[in-house]
Structures are given as structure tokens and as C-alpha cells.
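Working notes, structure below.
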Amino acid sequence: MEMHNVPLRGIKVDPLAHALATSEGNRPYLDCLIKAYRDNAVGLEAALEVIRDLPLEKRYTWRVFSALRWAFADFEDEYIGLDLPHIPEPTRSEMTKELELRLHQLRMLLETFHTE
């Protein structure tokens, strides 16, 4: 994958991703990262404590895991094979790029699980 510099205003944000990133459930994680980047040790410890005390179903990791589980619960490659001839270009190319991005993210997720 080739890297490119992109100005902030040139970054396109998926509306769903924006809604999730700015949701109340994401607030503890955002607070924690802000305090870490600002090198606020006291605030960081308090922010980490909030995350530590979250029940499993309120955790970011659970949200990602649940979405993957739901997405692949009834996965059937034969059905995909039946659909693909009827999905026109450029939609099919866009879907392929999106799947490649998600595969990259899934690899990152697995690497994180293996290093913890």
C-alpha cells in the first residue's frame, strides 16, 4: 500500500463511522487518548479507570466483535457467487476495495489480540 499526504479537509469520513466515533460509548476511549497525547498522567489514570470499569457489552472491543459476529453468522460463499455476476462495475470494484480495507483492519485486530 502506497502512502500519500492528504490535507485534513481532503479526508472523507463515512457518516456511520463519524457517528460511532463521536458517540457517547466512544467517549471514554477518546478521553483516554486525549489525556495520553497531552501527557496528562493524573487524568490518564482516571480515564483508564473508567475504561477498566466498563462492562463487556459497553466496550469498544465488544462492539467490533459483535459486528463481525453478526456479519458472518450466516456467511455463505455460494450466495456471494450467485450475487457477483449481477453486481455492476464500478460498484463491484468499490466493494472489493472496501473488503481489502476490512481485511487489513481484521489483521490489525488479530495482531493486537496476539500481542496483549
Within a radius of less than 6.0 Å around [atom1] of [X], do more than 12 heavy atoms belonging to other residues, nucleotides or ligands occur?
X: Tyr79; atom1: OH; answer: no
X: Asp39; atom1: CG; answer: no
X: Arg69; atom1: CZ; answer: no

[atom2] on [Y] to [atom1] on [X], rounded to 0.5 Å:
X: Ser66; Y: Leu56; atom1: OG; atom2: CG; result: 8.0 Å
X: Ile34; Y: Leu44; atom1: CD1; atom2: CG; result: 12.0 Å
X: His18; Y: Leu16; atom1: NE2; atom2: CG; result: 11.5 Å
X: Asp53; Y: Leu48; atom1: CG; atom2: CG; result: 11.0 Å
X: Cys32; Y: Glu49; atom1: SG; atom2: CD; result: 11.5 Å
X: Phe65; Y: Phe113; atom1: CZ; atom2: CZ; result: 8.0 Å

(Q) Salt bridge check, Glu24 against Lys58: does any charged N sit closer than 4.0 Å to a carboxylate O? (A) no

**Q.** Connected via hydrophobic side-chain network under 4.5 Å: Met108 and Leu103
**A.** no

Q.
With a 4.5 Å cut-off on side-chain heavy-atom distances among I, L, V, M, F, W and Y, is there a chain of contacts connecting Leu84 to Phe75?
A. yes

Q.
Applying side chain to side chain contact (heavy atoms under 4.5 Å, CB included) to Glu89 and Arg92, what does each step give before you reach the verdict?
A. CA-CA 5 Å; Glu89 289 295 339; Arg92 191 169 165 167; 3.5 Å; yes

Q) Taking only residues two or more places apart in sequence, or in another chain, which ones meet Val64 in a side-chain contact (heavy atoms from CB on, under 4.5 Å)? A) Tyr60, Leu68, Leu109

Q.
Test side chain to side chain contact (heavy atoms under 4.5 Å, CB included) on Glu98 and Met95; report intermediate values, then the result.
A. CA-CA 5 Å; Glu98 183 78 16; Met95 292 171 75; 5.5 Å; no

When you measure from the side chain of [X] to the backbone N and O of [Y], does any donor-acceptor pair fall under 3.5 Å?
X: Thr91; Y: Ile87; answer: no
X: Arg107; Y: Arg102; answer: no
X: Asn26; Y: Ala21; answer: yes

Q: Search all heavy atoms of Pro28 against all heavy atoms of Ile51 and return the closest pair with its distance.
A: O-CD1, 3.7 Å

Q | Shortest non-hydrogen contact from Ala47 toward Lys35 | A | CB-CD, 4.1 Å

Q) Can you check side chain to side chain contact (heavy atoms under 4.5 Å, CB included) on Arg27 and Thr22, steps first, answer last? A) CA-CA 7 Å; Arg27 176 50 82 187; Thr22 57; over 6 Å; no

Q: Report the C-alpha distance between Tyr29 and Arg59 in whole Å, list the side-chain angles of each, state the deciding distance to 0.1 Å, and finish with yes or no for side chain to side chain contact (heavy atoms under 4.5 Å, CB included).
A: CA-CA 9 Å; Tyr29 297 94; Arg59 293 182 176 276; 3.6 Å; yes

